[in-house]
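Every heavy atom of this structure was used, including side-chain atoms; hydrogens, water molecules and symmetry mates were not. Because the structure is a prediction, the values reported are computed rather than measured.
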Amino acid sequence: MKLKPHNKYICIKPIQQKEEEQENKFFLSSDMVTYQHYVYEVINKSDDCTVKLNIGDKVIVLQNLVEEVKFNGEVLNVCPESGIVATIL
């Protein structure tokens, strides 16, 4: 299924990591809250995004902002552009 995000959302897909890489997840802590980050690949983005991303870029995403979109038996992931923490160069 093709998905064109709107309202500054980005369509992403998780990158399959080797078992030893999964142990090296990103964590950022702030007081009592721990935020978990994962690596995703950019699939598509809305036209109004202000973050400079290209299709295929690998990005670190704040996991609690990732939303699953289920339609016709398929699952896609989207997040707001504010959930993108960094681009992997």
Side-chain angles (χ1 to χ4, degrees):
M1 155 176 55
K2 288 190 174 187
L3 179 76
K4 178 64 176 175
H6 296 283
N7 297 321
K8 297 186 178 185
Y9 268 77
I10 299 164
C11 186
I12 53 178
K13 87 173 173 183
I15 294 180
Q16 298 296 329
Q17 298 177 344
K18 296 177 187 170
E19 191 172 314
E20 68 264 9
E21 290 175 348
Q22 289 179 353
E23 294 175 8
N24 298 323
K25 296 176 183 149
F26 296 91
F27 290 94
L28 296 179
S29 294
S30 174
D31 296 329
M32 305 281 286
V33 180
T34 300
Y35 300 101
Q36 203 165 12
H37 297 75
Y38 289 98
V39 178
Y40 287 84
E41 180 180 344
V42 175
I43 302 302
N44 208 343
K45 64 179 187 161
S46 68
D47 293 332
D48 61 352
C49 278
T50 57
V51 176
K52 301 211 182 316
L53 293 173
N54 296 310
I55 306 305
D57 280 354
K58 291 177 179 45
V59 292
I60 298 171
V61 178
L62 184 60
Q63 187 61 30
N64 68 329
L65 292 179
V66 174
E67 301 173 37
E68 283 189 350
V69 176
K70 297 177 183 179
F71 184 74
N72 284 342
E74 290 188 57
V75 178
L76 294 172
N77 295 296
V78 296
C79 75
E81 69 178 4
S82 61
I84 305 293
V85 176
T87 302
I88 298 174
L89 304 175

- Message: Test of understanding: with side-chain hydrogen bond (donor to acceptor under 3.5 Å, both in side chains), list the residues that count as partners of Glu41, not counting sequence neighbours.
- Response: none

- Glu68: side chain to side chain contact (heavy atoms under 4.5 Å, CB included) partners, not counting sequence neighbours: Lys70, Val75, Asn77

- Query: Which atom pair, heavy atoms only, marks the closest approach of Ile43 to Ile55?
  - Reply: O-CD1, 3.3 Å

- Residues passing the side chain to side chain contact (heavy atoms under 4.5 Å, CB included) test with Lys52, sequence neighbours excluded, are none

- Considering non-hydrogen atoms only, spot the tightest contact between Leu62 and Asn64 and give its length. CG-OD1, 3.0 Å

- Please name all residues satisfying side-chain hydrogen bond (donor to acceptor under 3.5 Å, both in side chains) with Asp48, sequence neighbours left out, ordered by chain then number. Ser46

- Item | Distance in Å, Ile12 CD1 paired with Glu67 CD, rounded so as to fall on 0.5 Å steps | 10.0 Å

- Check Val61 against Cys79 and note the closest heavy-atom contact, atom names and distance. CG1-SG, 4.0 Å

Taking only distance into account, with no hydrogens and no angle test, what donor-acceptor pairs under 3.5 Å do side-chain atoms of residues 81-88 form with protein atoms, sequence neighbours excluded?
| from | atom 1 | to | atom 2 | distance (Å) |
| --- | --- | --- | --- | --- |
| Glu81 | OE1 | Thr50 | N | 2.7 |
| Glu81 | OE1 | Thr50 | OG1 | 3.4 |
| Glu81 | OE1 | Val51 | N | 3.3 |
| Glu81 | OE2 | Thr50 | OG1 | 2.9 |

- Is there side-chain contact between Val66 and Tyr40, with heavy atoms separated by less than 4.5 Å? yes

- Item | Smallest separation among heavy atoms of Pro80 and Leu65, with atom names | CD-O, 3.5 Å

- Query: Taking only residues two or more places apart in sequence or in another chain, which ones pass side chain to side chain contact (heavy atoms under 4.5 Å, CB included) with Leu3?
  - Reply: Cys11, Leu76, Val78

- Message: Restricting to salt bridge (charged side-chain N to carboxylate O under 4.0 Å, His left out), what partner residues turn up for Lys4, sequence neighbours left out?
- Response: Asp47

